[in-house]
Protein chains: 2
Amino acid sequence: MDRIDRKIIVELQRDATLSLARLADRVGLSQTPCWKRVQKLEQTGVITRRVALVDPQMVSLGLTAFVAISANDHSPSWREAFARGIAGMAEITEVWRMAGEADYLLKVVTRDMASFDAFYRRLTETLELKSVTSSFAMERVAYTTALPIAIDEP
Amino acid sequence: MDRIDRKIIVELQRDATLSLARLADRVGLSQTPCWKRVQKLEQTGVITRRVALVDPQMVSLGLTAFVAISANDHSPSWREAFARGIAGMAEITEVWRMAGEADYLLKVVTRDMASFDAFYRRLTETLELKSVTSSFAMERVAYTTALPIAIDEP
DNA sequence: GTTGAAACGCCCTGATG
DNA sequence: CATCAGGGCGTTTCAAC
C-alpha cells in the first residue's frame, strides 16, 4: 500500500466509473500495472464493492433518524436476538456498537414520520430494549462515502 | 418511476458493476429499454454517482465518531462560518442538521484517538460552538449505502 | 515498472416490428 | 416494449523490453 495505491483509492471513491486509461493517467501509471493494482485492492478487501448512490429525496425516503439503543441485558443470547432482529429491517442502514451511554446507534431511513413510527413499533416489539432514543435529521448538509485517505502520510 | 425502475435501483445499489445484459435480465427487460431507464435515472438525479466503497480498517481509519454540536448562536453568519469551517475537514464524512437537542450531528472518521483529538482541537478552534459531545463507535455491526426501496408499494 | 497488441465483451446507437 | 445488427470503446491478457 503505497502512494499510488492511495491515489487509486481516492479516485475510485469519488468516481468508480472512471475508465482504466483515465485512472492510470491520473495516478501516473500505465494501464497494465494500474489494472493489476486495482485487482489487488479488490482481492485483498481494501475495495469492498462498487455501488450506485441514490438521492433519498428522489425515492421518497426523506426521513433519516439516528436511534440510540441500550440493551436490556448484555448476554450473548440478547446479542443474537438483536442480530436476528435487525437483520430483517431494511430501514436500518447502519448499526454501530458504541462506547458510552448507548449500546448501539442505528441509522434509520424511512419515507416519513408515519413510516418511522411503524418501524419504531416493530423495533420495540421485536427486541427487548432498556431504552430507545430517536433523533431526527432535518437536512443532510454533507454526505460522502469517501474515507479521508491521506495520500502523503502512511 | 415504476416497479422496474425500482428494481434497477435495488440492483445497482447492491452492485454497480453489473453489466447491462445481466441487469436487464434481472429486471425482466431487454437491453435497450433497460439502458434508457438507467440513463434517465442518472440524468434525473435519482442515481447520483457510482463509487467504490473501502474497508476503513484496511486503510487504517478504524475510529468512527459521532459528534453532536450545538451552535453558539443561530445567525446566518454563524451558518456561513460553519459551512466554511467543515468544508475543509476531510475527516467529517457526514453532516446532519438535527431536530432536538443538538443542532448538528457529524460523522467523523479518523485513524485513532490521537488523530481524533487533533481533529477535535481543530474543530473547536475553528468554530464557535456552545457544546460538543463526541460518541465513539466500537464496532461497525452493519453498514450499507443501499436505501430501503420497496419494489411493490410506490 | 514500460510499451504494443490482440481478443473479447460490453456499451451505445440505430432500424425494425 | 422486443429483437437484430453494427461500430467503437474498454477491459483483460499476453508478449517483449
Side-chain angles (χ1 to χ4, degrees), chain A residues 1-56 58-61 144-147 149-154, chain B residues 1-56 58-61 144-147 149-154:
Chain A
M1 172 81 54
D2 62 0
R3 214 178 131 79
I4 295 179
D5 281 329
R6 288 193 290 271
K7 275 192 186 178
I8 291 174
I9 294 170
V10 167
E11 292 297 334
L12 292 183
Q13 274 191 320
R14 279 204 300 203
D15 181 10
T17 69
L18 210 58
S19 77
L20 196 61
R22 280 151 72 65
L23 177 64
D25 188 51
R26 290 200 193 175
V27 304
L29 231 56
S30 57
Q31 248 180 293
T32 309
C34 183
W35 181 81
K36 284 185 180 172
R37 280 171 183 262
V38 173
Q39 291 301 311
K40 193 158 196 177
L41 288 171
E42 283 170 350
Q43 276 154 23
T44 55
V46 177
I47 294 175
T48 55
R49 58 203 319 192
R50 289 154 185 256
V51 300
L53 299 184
V54 170
D55 185 336
M58 296 295 285
V59 291
S60 304
L61 289 169
T144 180
T145 55
L147 302 176
I149 310 275
I151 292 173
D152 292 315
E153 340 169 36
Chain B
M1 171 80 53
D2 61 1
R3 213 179 132 80
I4 294 179
D5 281 328
R6 289 193 290 272
K7 276 190 184 179
I8 290 174
I9 294 170
V10 167
E11 293 296 333
L12 292 183
Q13 278 193 135
R14 280 204 298 201
D15 181 10
T17 68
L18 210 58
S19 78
L20 195 61
R22 280 150 72 66
L23 177 63
D25 187 51
R26 288 199 194 175
V27 304
L29 231 56
S30 57
Q31 251 182 295
T32 309
C34 183
W35 180 81
K36 286 186 178 172
R37 279 172 183 261
V38 173
Q39 290 301 310
K40 192 158 199 178
L41 288 171
E42 282 170 351
Q43 276 153 25
T44 55
V46 178
I47 293 174
T48 54
R49 58 203 319 192
R50 290 154 185 258
V51 300
L53 300 183
V54 171
D55 184 335
M58 295 296 285
V59 290
S60 305
L61 289 170
T144 181
T145 56
L147 303 176
I149 311 275
I151 292 174
D152 293 316
E153 338 170 37

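Chain letters run A, B, ... following the sequence lines, proteins first and then strands; every chain starts at 1.
Although no hydrogens or angles enter the test, the distance criterion places a donor-acceptor pair under 3.5 Å between the side chain of B:Gln13 and the main chain of B:Leu147. No donor-acceptor pair closer than 3.5 Å links the side chain of A:Arg50 to the backbone N or O of B:Arg50.
Across all non-hydrogen atoms, the minimal contact from B:Asp55 to A:Gly45 is CB-O, 3.5 Å. Residues A:Cys34 and A:Leu20 approach most closely at SG-CD1, 4.3 Å, considering heavy atoms. Closest of all the heavy-atom pairs between B:Thr17 and B:Asp15 is OG1-OD1, 2.6 Å.
In this structure, B:Leu20 places its CG atom 10 Å from P of C:dC10, rounding to the nearest Å. D:dT11 atom P lies 17 Å from atom CG of B:Leu18, rounded to whole Å. Separating the CD1 atom of B:Ile4 from the C1' atom of D:dA2 is a distance of 13 Å, rounded to the nearest angstrom. Distance A:Leu12 CG to D:dT11 P: 11 Å, rounded to the nearest Å. Distance B:Arg3 CZ to D:dC1 P: 15 Å, rounded to the nearest Å. Atom CZ of B:Arg22 is separated from atom C1' of C:dC11 by 16 Å (rounded to the nearest Å).
In DNA chain D, consecutive stretches of 3 or more Watson-Crick or G-U wobble pairs with both distances under 3.5 Å are given as paired ranges: C:1-6 with D:12-17, C:8-10 with D:8-10, C:12-17 with D:1-6.
B:Arg3 pairs by the salt bridge (Lys or Arg N to Asp or Glu O under 4.0 Å) definition with B:Asp152, not counting sequence neighbours. Partners of A:Glu11 under the salt bridge (Lys or Arg N to Asp or Glu O under 4.0 Å) rule, at least two apart in sequence or in another chain, are A:Arg14, A:Arg26. With sequence neighbours excluded, no residue satisfies salt bridge (Lys or Arg N to Asp or Glu O under 4.0 Å) with A:Arg49.
Looking at B:Lys7 and B:Arg37, their side chains never come closer than 4.5 Å, going by heavy atoms from C-beta outward. Contact annotation: the side chain of A:Val38 approaches that of A:Leu23 to within less than 4.5 Å [non-hydrogen atoms, C-beta and beyond]. Between B:Met1 and B:Ile9, some side-chain heavy-atom pair lies under the 4.5 Å cut-off.
The P atoms of D:dT12 and C:dC12 are separated by 16 Å, rounded to the nearest whole Å. Spacing of C1' atoms, C:dT16 relative to D:dG8, comes out at 22 Å, to the nearest Å.
For the contact set between residues 27-40 of chain A and DNA chain C, defined by any heavy atom under 4.0 Å, the members are A:Leu29, A:Ser30, A:Thr32, A:Pro33, A:Arg37. Taking a 4.0 Å limit (strictly below) on heavy-atom distances, residues 42-52 of chain B does not reach DNA chain C anywhere.
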